[in-house]
Amino acid sequence: MGLFSKDKQSHSELNAFLGVGTEYKGKLDFVGTVRIDGLFEGEISTDGDLVLGRKAAVKGIVRVGQLTSCGEITGDVIVRERTVLEKTSVLNGSLSTPVLVVEKGAVVEGSITMSVDSVTTTKPKVVAGDFGGSASKGAHAEPVVDKTGSDDPKA
């Protein structure tokens, strides 16, 4: 997984660790990187990184900056930057992420939405016009095309 390596993927040092045999229920807010190897039920919220070990089981809502999972997640997962589901990972629920890496052997049951941040997503403006095709022959000698601000002589 490279959690302790000097890899460019490591954004920060490990700030908290819930080990095997640990059970936690509630809400977890943190900064930096947290690794879970135990059982967690509730809501996880951070701009940082969440790492789930092979024995980890998370049930609830997960909102993180980056996710690397070798464990099991049941619930809704929203990742802002990058999701890595390693070969032992199981996801039952919904996943929303702009970047997804899935190793052979990982199991995903549910929905996946891959899109960029909603702030940068805009609906395109649609402009329609008649460009003088064969269907436009008729009473007009010239096709009717909407003018834009840059080519309107009145502007």
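Computed over heavy atoms, backbone and side chain alike; hydrogens, waters and symmetry mates excluded.
To the nearest 0.5 angstrom, I44 atom CD1 is 11.5 Å from K27 atom NZ. Taken from CG in D29 to CZ in R63, the straight-line distance is 10.0 Å, to the nearest 0.5 Å. Interatomic distance, L52 CG to F40 CZ, rounded to the nearest 0.5 Å: 10.5 Å. Taking CG from L95 and CG from D76, the interatomic distance works out to 10.0 Å, rounded to the nearest 0.5 Å. Note that the CD atom of E43 and the CD1 atom of I61 stand 5.0 Å from one another [nearest 0.5 Å].
For the side chain to side chain contact (heavy atoms under 4.5 Å, CB included) with V79, the lone residue among V84, L67, L50, D49 that qualifies is L67.
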Residues 97-114 side chain polar contacts: donor-acceptor under 3.5 Å, at least two apart:
from : atom 1 : to  : atom 2 : distance (Å)
T97  : OG1    : T83 : OG1    : 3.0
T97  : OG1    : V99 : O      : 3.0
E103 : OE1    : K87 : N      : 3.1

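For D37 (side chain) and A56 (main-chain N/O), no donor-acceptor pair under 3.5 Å exists by modelled atom type.
In this structure, S69 and I73 approach most closely via the heavy-atom pair OG-CD1, 4.2 Å.
Taken together through direct or relayed side-chain contacts under 4.5 Å among Ile, Leu, Val, Met, Phe, Trp and Tyr, V90 and V58 form parts of separate hydrophobic clusters.
At a threshold of 4.5 Å between non-hydrogen side-chain atoms, the residues I78 and V62 do not count as touching. Side-chain contact between V20 and T22: absent, with no pair of heavy atoms (C-beta onward) separated by less than 4.5 Å.
Salt bridge status for K59 with E72: absent, with no side-chain N to carboxylate O gap under 4.0 Å.
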Assess the residue pair V34 and V51 against the criterion (side chain to side chain contact (heavy atoms under 4.5 Å, CB included)); give the C-alpha distance rounded to whole Å, side-chain angles, the decisive distance to 0.1 Å, and a yes or no. CA-CA 6 Å; V34 168; V51 178; over 6 Å; no

